[in-house]
Amino acid sequence: MKRPADPLAGRGAAVSDRPGRQELWRSLVAHLRHELHTSLTAIVGYGDHLLECLPLDAPTSTFDALNGLRGIGAFVLTQVDERISEEALGSRDSQALLCSLRELNAATEPHTSKIEPLCAELLSRFEREERFALIPILCRIQAAGVMLRNLIAGYSQSGLPKAPWLGLPLGQDEPPPPALLPQTRAGGIGGRLLIVDDNSMNRDMLTSCLERRGYEVDQAPGGRTALQLIRENDYDLILLDLVMPDLNGLEVLEKLRGEGRLGFAPVVLLSASDKLGDVARGIECGAEDYVTKPFNMVLLQARIRACLELKRLRQCEEAYVTLLREHRARADEAQRAARGAANEQGGG
């Protein structure tokens with residue numbers, strides 16, 4: 001069986017053979033660069049900030065480690081600018097883009113993999129030297145490093161945004177939803193999400209990442225606030241931390257079940273534990289899925305999409321069941337009317 005031809009696989013494929021194609025290509029490349037630049041800006045910018053905050057009598061090794069972090073960010077930034085640009089991708093076809101992304105991953109992975117160990121080393125130094133005010137900044141660099149590495153790895157594995165006109169692997173046109181299927185909210189491409197986590201850095205990191213992907217995001221610092229927001233708002237999906245000081249994730253699920261609200265929005269548990277017992281209890285309590293910390297953003301995004309798609313399919317099924325019941329009720333009414341008319345004619 002022949003594989004379908006890539007609409008842009010031919011050499012020298014013209015960009016102007018379909019209206020808007022060049023603009024779409026530019027938008028896709030700009031999107032990829034924006035995603036990567038966001039993490040790189042955090043690594044380089046916060047690295048510079050830490051270097052400025054350090055006193056001159058700080059150990060040379062601390063300066064070396066910070067310069068190493070900044071150097072990694074600068075190196076990866078150069079690689080991104082050289083490989084992911086309209087000039088570098090002159091052929092404008094999907095295979096050229098994927099090839100460049102795989103080359104980018106191979107060139108940068110040995111460097112990006114050093115960000116977390118360097119941050120862990122610096123964290124220990126800052127604690128020993130009692131530079132506690134600098135630790136939150138360092139944590140932001142570490143989070144940006146994890147996000148950067150996962151983005152590059154995910155894109156290199158064909159985890160690209162959908163672009164049907166460009167013939168990308170994930171670019172198949174989705175069939176239009178049935179008329180009864182609730183449409184996506186205007187406030188966000190993917191729907192409205194609630195992040196429940198007592199760690200503000202986790203909330204901010206997830207919010208930033210998900211908003212860039214088109215979601216509308218609300219935050220709750222604990223279980224009690226989450227319950228109140230869920231009562232007042234209609235969410236498409238809830239990301240729920242398993243361990244919180246006021247109400248833990250399992251207690252939130254139990255209260256939602258008691259109020260009859262469980263099942264309105266799928267719940268994905270966020271857990272720092274990989275113990276199957278904790279995960280199993282969460283699923284038994286009504287959670288749809290789970291993701292372990294530290295987050296793999298590519299995996300998290302995939303599970304969010306899967307849960308939202310499952311919710312839409314369930315809504316579609318419920319709508320069709322309602323439609324079927326109404327149709328059968330009308331058919332029964334028509335049959336009763338027909339029998340009544342026949343009886344009247346027979347009696348006459």
Side-chain angles (χ1 to χ4, degrees), residues 31-50 65-80 84 101-102 104-127 134-157 159-161 193 195 197-213 215 217 219 239 241-243 268-274 289-305:
H31 171 80
L32 297 177
R33 288 170 60 88
H34 172 76
E35 290 275 278
L36 298 172
H37 276 208
T38 298
S39 298
L40 288 165
T41 300
I43 294 170
V44 175
Y46 283 130
D48 285 341
H49 183 54
L50 284 176
L66 281 174
N67 278 313
L69 279 175
R70 193 195 179 286
I72 290 172
F75 171 80
V76 177
L77 181 60
T78 300
Q79 294 293 314
V80 169
I84 312 299
L101 288 165
R102 288 170 184 144
L104 176 66
N105 185 52
T108 58
E109 199 279 334
H111 301 272
T112 56
S113 62
K114 297 177 182 177
I115 294 177
E116 287 185 83
L118 276 173
C119 287
E121 176 189 339
L122 283 167
L123 180 61
S124 298
R125 289 177 181 272
F126 289 169
E127 288 177 345
L134 302 183
I135 290 178
I137 303 173
L138 184 61
C139 289
R140 294 188 181 100
I141 296 177
Q142 186 175 28
V146 171
M147 186 181 300
L148 174 67
R149 188 179 181 188
N150 288 337
L151 279 173
I152 296 176
Y155 285 149
S156 70
Q157 297 167 6
L160 293 168
L193 313 185
I195 298 173
D197 196 315
D198 60 312
N199 186 299
S200 61
M201 189 182 70
N202 285 342
R203 295 198 308 272
D204 291 342
M205 182 189 70
L206 286 172
T207 298
S208 176
C209 181
L210 294 172
E211 284 181 341
R212 287 202 309 275
R213 285 163 171 77
Y215 296 102
V217 182
Q219 296 185 16
L239 296 172
D241 191 17
L242 193 58
V243 179
V268 176
L269 290 176
L270 309 176
S271 173
S273 170
D274 58 358
D289 208 334
Y290 77 99
V291 176
T292 57
K293 301 177 184 179
F295 305 114
N296 180 314
M297 296 308 302
V298 175
L299 177 61
L300 177 60
Q301 172 70 1
R303 290 186 171 173
I304 289 174
R305 285 199 303 265

**Message:** Does H49 form a side-chain contact (heavy atoms from CB on, under 4.5 Å) with I137? I'd like the steps, not just the answer.
**Reply:** CA-CA 8 Å; H49 183 54; I137 303 173; 3.2 Å; yes

**Message:** Between L148 and L36, does the side-chain contact (heavy atoms from CB on, under 4.5 Å) criterion hold? Intermediate values first, please.
**Reply:** CA-CA 6 Å; L148 174 67; L36 298 172; 4.1 Å; yes

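Put simply, the side chain of S113 gets close to the backbone of P110: a donor and an acceptor are under 3.5 Å apart. A side-chain donor-acceptor contact under 3.5 Å links R303 to the backbone of Y290. Checked by atom type and distance alone, the side chain of R70 never pairs as donor or acceptor with a backbone atom of L66 at under 3.5 Å.
A heavy-atom distance below 4.5 Å is found between the side chains of Q219 and T207. Within the 4.5 Å cutoff, the side chain of I141 has no heavy atoms near those of the L122 side chain. At a threshold of 4.5 Å between non-hydrogen side-chain atoms, the residues L193 and L206 do not count as touching. V80 is listed as a side-chain neighbour of V76, based on a closest heavy-atom distance under 4.5 Å. Residues I152 and L101 form no side-chain contact, since every pair of their non-hydrogen atoms from C-beta on lies 4.5 Å or further apart. Under the 4.5 Å side-chain criterion, counting only non-hydrogen atoms from C-beta, I304 is in contact with L239.
Qualifying salt bridge (Lys or Arg N to Asp or Glu O under 4.0 Å) partners for R203, counting only residues two or more places apart in sequence or in other chains: none. In this structure I135 satisfies the side chain to side chain contact (heavy atoms under 4.5 Å, CB included) test together with L123, F126, E127, F132, C139, sequence neighbours excluded. Under the salt bridge (Lys or Arg N to Asp or Glu O under 4.0 Å) criterion, D204 pairs with no residue, sequence neighbours left out.
Rounding to the nearest 0.5 angstrom, the gap separating the CE atom in M201 from the CD atom in Q142 is 7.0 Å. Atom OG1 of T112 and atom CD of Q79 lie 11.5 Å apart (nearest 0.5 Å). Between E109 atom CD and K114 atom NZ the span is 10.5 Å, to the nearest 0.5 Å. Here L242 contributes atom CG and L269 contributes atom CG; the two are 5.5 Å apart, rounded to the nearest 0.5 Å. Atom CG of L270 is separated from atom CD1 of I195 by 8.0 Å, given to the nearest 0.5 angstrom. Distance check: I72 CD1 to I43 CD1 gives 8.0 Å after rounding to the nearest 0.5 Å.
Heavy atoms from other residues, nucleotides or ligands lying under 6.0 Å from NE2 of H111 number more than 12.
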